[in-house]
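The structure under discussion appears below in the form of structure tokens.
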Amino acid sequence: MKKWIPPVAGIVTGLLAATVFFADFSPEKTTQVTADNNSNKSNAEKVYVPFGEKDEYYLMASGGHSGQMFIYGVPSMRHIRTVPVFSPDSATGYGFDNHTKEMMGDFTWGDLHHPALSETEGDYDGKYLFATDVANSRAAVMNLETFTTKDIINVPNTSGPHCAAFVTQNTEYMFLPTRFAVPIGSEYASLDDYSEQYRGVMSAVTFDEEKEKLNVAYQVALPPWSYDLSDAGKGMSGDWAVITTYNTEEATTNLEINASQADRDYIVLINWKELEQKVKDGDYDEVTGQKMIFPEKHKGGIYLIPVAKSPHGVDVTPDGTRFIASGKLAPAMTVFSFEKAFEAIKNQDFAGERNGIPIVKYESVMEREVNPENALGPLHTQFDDKGMAYTTMFISSEIVKWDPNSGETLDRVPVQYSPGHAVAAEGDTVAPDGKYIIALNKIAKDSYLSVGPSHPESMQLIDLRGDKMEVIQSAPVNPEPHYAQLVKADKIKTISVYDKDDKNPNAVYNQEETRIERKGNEVHVYGIAMRSKFIFDAKAERPDVIEVNKGDKVFIHLTNIDFDQDITHGFAINQYDLNMEVQPGQTNTIEFTADKEGTFPLYCTNFCSALHQEMSGYFLVKP
Ligand code: CUK
Ligand code: CUA
């Protein structure tokens, strides 16, 4: 048997945990789990959603380096939809039509981490979903009326906003701290000058709901450390945010070893109301066109709290009184008190500073370190309706339920295998449901039919209603769920068709207005798609034919005039490598150069009626 080394944890914990970890993979154990599931028929009933009925929750899972979002129904765990965000998707024409192509900019993929739903008064309001791209330093927003991406922005001075997106309780801000420190402006600077020249910039991003646009409001030039995870405060801590760091050693090579030297890293504690005020007062520098707060110069509002080395997740309790850090290299969860932190800050109970940022004394803020027996690799914590905590154990492959008030371990359940995040029902709100938690596992291994050496990731639904946590369903998922949102289905209000948009100059809603216009070497087609034909120019002898000259720039504006739920049309031209989708009532534009001469059939790619096969025409390119 080839030995499998846990990827995140690295050598130190790897060795430490080898016994426990490999024990989890023993065949006996796997058989055991299967036997339990088979004998327990009621689990099947718990997840069965009869035809005609709908799931109770939406699960919106990050697609990691697929650049997509995966939408599932819970408890059935049926995959309903893939929503492209940072990567093109020919199934929906995403990244082909002008609007989505423009949003994607120069990039063809993204690494989507940490989806976050918009909130009103600390509750999911079901309107928008935010996410970030670690690979190409972007942020995106998805509208949940249509489950489509509405805006993508590049976040300057940042390299990999992994530590995001966590929204404040009224969606005032999303904070995007960077995973990789870079020089401001991302200009060249020798790694010998790392500590002086590099910074770990955090961005405060706002969202304009009316325009559906994201915007970087201001940035903070934090020290050149790696910022891992963050969470926004709630209630009494609503003006605050917490962020974990690693590599406070400022190592520039062999991070696996060099970034794990110090016994302690830090939690960065931020008072965003104070930072906001600073920006209003002009207490910042203007750098690379951004309002930049330099903590050593524009003092206040930022504090450091020591925490066990290389922490990963940090999570605020639903009541907003505590934050819990999980130490991926230290087998402990550390519970901190906001009240104590505020007190310590008021009394200047500091133990020195780093980079001009005061370090609050650990003992003054820490409530307890919790270390369940043999539980290894704590990564992320979620909560139920009674305030109990559920922490994923990456190395010992389990979820541990524990009481933040006492540190007592209450229950444990094995998962298959190596959970990263877990997501609780209504988990980030002030009032989690307490019904389910889903383990987002990095390794599926023997869980599903084999598809070769590489397997999907897996998500396991855990029922929290009984005395014991119980795994009741499992579903494969593409790479890679770094967190998800689990939201009550009745909070999401989708539309069934797009409204007519009379202000859109490219839209045509009746046959008479269809036309093909030539301006120099530009050809604009104002066409419609309807069951079961294309009409590009109703007055032409052949309304479903587009004829251009080689080298022409072609704009095809297509409106779907079937105002009927689920009647989506597609548009593709053979050999031209393009595909666009028009949903009911929607108008879309695709732009390309007719650089190949010849005869090219065009057709509808989305099965729309019994005569869908007839929904075709010709694209003729004259030499
Ligand atoms: S991270 Cu912690 S397991 Cu949130 Cu990108 Cu994946
Ligand atoms: Cu329209 Cu198929």
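As the structure lists them, so they are numbered: ligands from 1, and atoms in each ligand from 1.
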Please confirm whether the ring centroid of Tyr58 lies under 6.0 Å from the ring centroid of Tyr124.
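Not under 6.0 Å, so no.
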
Aromatic ring centroids of Phe619 and Phe592 under 6.0 Å?
yes

Which of the ligand 1 atoms, numbered from 1, are nearer than 4.0 Å to a heavy atom of [X]:
X      : result
His312 : 1 (S), 2 (Cu), 3 (S)
Lys442 : 3 (S), 6 (Cu)
Gly420 : 3 (S)
His482 : 1 (S), 5 (Cu), 6 (Cu)
His114 : 1 (S), 4 (Cu), 5 (Cu)

Residue Cys604, metal atom 2 (Cu) of ligand 2, N/O/S under 2.8 Å:
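A backbone or side-chain N, O or S atom of Cys604 is under 2.8 Å from atom 2 (Cu) of ligand 2.
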
Backbone or side chain, does Tyr603 get an N/O/S atom under 2.8 Å to atom 2 (Cu) of ligand 2?
no

Using only N, O or S atoms, tell me which atom of His380 is closest to atom 2 (Cu) of ligand 1.
NE2

How wide is the angle at atom 2 (Cu) of ligand 2 between ND1 of His612 and SG of Cys608, to the nearest 10°?
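It is 120°, given to the nearest 10°.
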
Result of checking Asp562, Asn588, Asn606 against His569 for side chain to side chain donor-acceptor pair (under 3.5 Å):
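So, applying the side chain to side chain donor-acceptor pair (under 3.5 Å) to His569 and each of Asp562, Asn588, Asn606, only Asp562 qualifies.
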
ang(NE2 His162, atom 5 (Cu) of ligand 1, ND1 His113) rounded to 10° is 90°

Under-4.0 Å heavy-atom contact with ligand 1, by part of Glu480 that carries it
neither

